[in-house]
Amino acid sequence: MGSSSSRTIEIPPGKGPNLVGCIDLMVDHTIQGSFIRLYYPCESGGDYEKPLWIPRQEYYSGLANFLQYNRRLVDYFLQHLYGSFKIPVEWNAPLKADGKYPLIIFSHGLGAFRTLYSAICIEVASQGFIVAAVEHRDESASATYYYEEKSINEVQQQSSSTSALPTLDQLEERWIDYKPHKLGTQEFPFRNHQVHQRAEECIRALDLMTDIDTGKSIHNVLEVDFDFTKMKDAIDLCKVAIMGHSFGGATAIETLGKDQRFKCGVALDAWMFPLDDETYRNVQKPILFINSEKFQWPVNILNMKKLDSNTIQRKMITIMGTVHQSFPDFTFLTGSFLGKLFGLKGTTDPEMAVDISDKASLAFLQRHLGLEKSFDQWDPLIDGIGDHVIPGTNLPLLPLSKH
Ligand SMILES: CCN(CC)CCN(C[C@]12C[C@](c3ccc(C(F)(F)F)cc3)(C1)C2)C(=O)Cn1c(SCc2ccc(F)cc2)nc(=O)c2c1C=CC2
């Protein structure tokens with residue numbers, strides 16, 4: 001890492017053979033709709049702009065609110081630092097026509113939103129996947145938005161449009177901020193309700209990707225001119241998996257229990273608290289738990305072990321020298337001093353940590369989606385064999401587990 005002046009902080013580009021395209025998709029405009037940042041293998045040779053990492057100012061004030069620091073100060077600080085920051089993808093580039101791609105649905109953590117795991121999503125897409133990073137409307141995101149029809153009389157003032165689907169000028173933007181659980185109330189029912197809503201949103205995202213694969217005409221509320229009919233027959237709907245970080249890890253497990261179309265899951269530092277007993281009974285699919293060294297605690301690990309099985313592959317590894325924030329993008333975007341101060345970096349180099357997580361994920365996805373790639377070269381990582389990884393957990397578990 002050069003000195004702070006010469007250092008360029010950036011999200012690493014994908015290591016795979018594909019250039020990565022990116023587009024935002026909201027269908028329909030209501031709070032029940034899907035809001036996705038799509039990463040996909042794209043054609044090379046074009047000259048496409050790179051999209052903003054955090055595309056709207058409102059996300060910064062949402063983050064400031066979530067972080068419970070001085071809202072105006074953090075809002076200003078984050079905007080000043082990251083406001084013009086772009087990610088290494090080709091915005092609105094045409095999909096690379098190369099048969100059917102396996103599909104990953106990605107679920108963000110508490111206080112995050114759809115764009116903050118771009119390093120992982122870009123790497124997976126570069127390896128030949130379509131990745132749909134959903135934005136949850138369960139009030140767990142730092143901020144998110146949807147639209148409502150303007151009251152009818154306002155709309156009548158405008159050109160009375162005949163098209164059934166409203167256009168942006170007839171819609172009102174509505175923002176939802178992060179909602180902390182009310183102190184003094186039970187946190188479990190609140191988070192459990194959210195994890196069920198989050199799973200439904202992942203299922204609806206798969207329904208939307210299924211519509212896109214059938215070539216159905218898609219009305220993208222976000223008036224970007226991406227032609228989704230180009231994705232007809234490009235998604236292998238028999239090879240669908242779900243990934244998520246922290247609350248998103250719990251969401252991945254919940255979704256696997258609800259919808260058999262998802263064939264396996266990768267839970268990155270899962271937060272198991274929101275899950276109910278029925279979910280543990282319902283999940284019958286392979287799961288890879290990739291844990292950080294510092295985030296986990298005994299009860300959370302024991303909840304993961306409740307999913308151990310002799311018949312269904314359930315794997316757990318821990319990447320040493322990592323923290324909870326080693327998975328989201330912020331781990332790349334601060335110098336080591338601030339990074340360690342805010343708990344955004346561990347002692348293991350951030351790129352190496354995410355690289356290990358990505359390789360273990362790809363090996364697990366190849367094994368359980370039946371891919372014909374070379375990701376099986378990283379199979380040892382799934383068994384906790386390799387630099388900076390151990391099998392299972394680093395935690396000294398409760399004596400209970402000895403019996
Ligand atoms: C005070 C707020 N208090 C609320 C419960 C705890 C806040 N907190 C620890 C934080 C997030 C932290 C963070 C981020 C980002 C900067 C920045 F400066 F770089 F922007 C700084 C400092 C502050 C590390 C977590 O919630 C940890 N966590 C997360 S963090 C997901 C996330 C959020 C925002 C991001 F920008 C990136 C990633 N996702 C989960 O699903 C769960 C947990 C805990 C249990 C379940």
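Counting starts at 1 for both ligands and their atoms, in listed order. Every heavy atom of this structure was used, including side-chain atoms; hydrogens, water molecules and symmetry mates were not. This structure is a prediction, so every number in the text was calculated from the model and none was measured.
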Exactly one of W175, F66, Y178, W53 clears ring-ring contact (aromatic ring centres under 6.0 Å, His included) with Y59, and that residue is W175
The single option from Y101, F226, F129, W91 that satisfies ring-ring contact (aromatic ring centres under 6.0 Å, His included) with Y40 is F226
Worksheet item: Salt bridge or not for D236 and R261, using N-O below 4.0 Å?
Response: no
Review point. So, E148 and R174, do they make that salt bridge, N to O below 4.0 Å?
Key: yes
Starting from the N and O atoms of ligand 1, find every protein N or O within less than 3.5 Å and list the pair with its distance.
residue, atom, partner, partner atom, Å
ligand 1, 39 (N), L110, N, 3.2
ligand 1, 39 (N), L110, O, 3.4
ligand 1, 41 (O), L110, N, 2.7
ligand 1, 41 (O), S246, OG, 3.0
ligand 1, 41 (O), F247, N, 2.9

- Task: Classify the ring geometry between F295 and H324 as parallel (under 30°), tilted (30 to 60°) or perpendicular (over 60°).
- Result: parallel
Contacts of R137 meeting side chain to side chain donor-acceptor pair (under 3.5 Å) (sequence neighbours excluded), chain-then-number -> T144
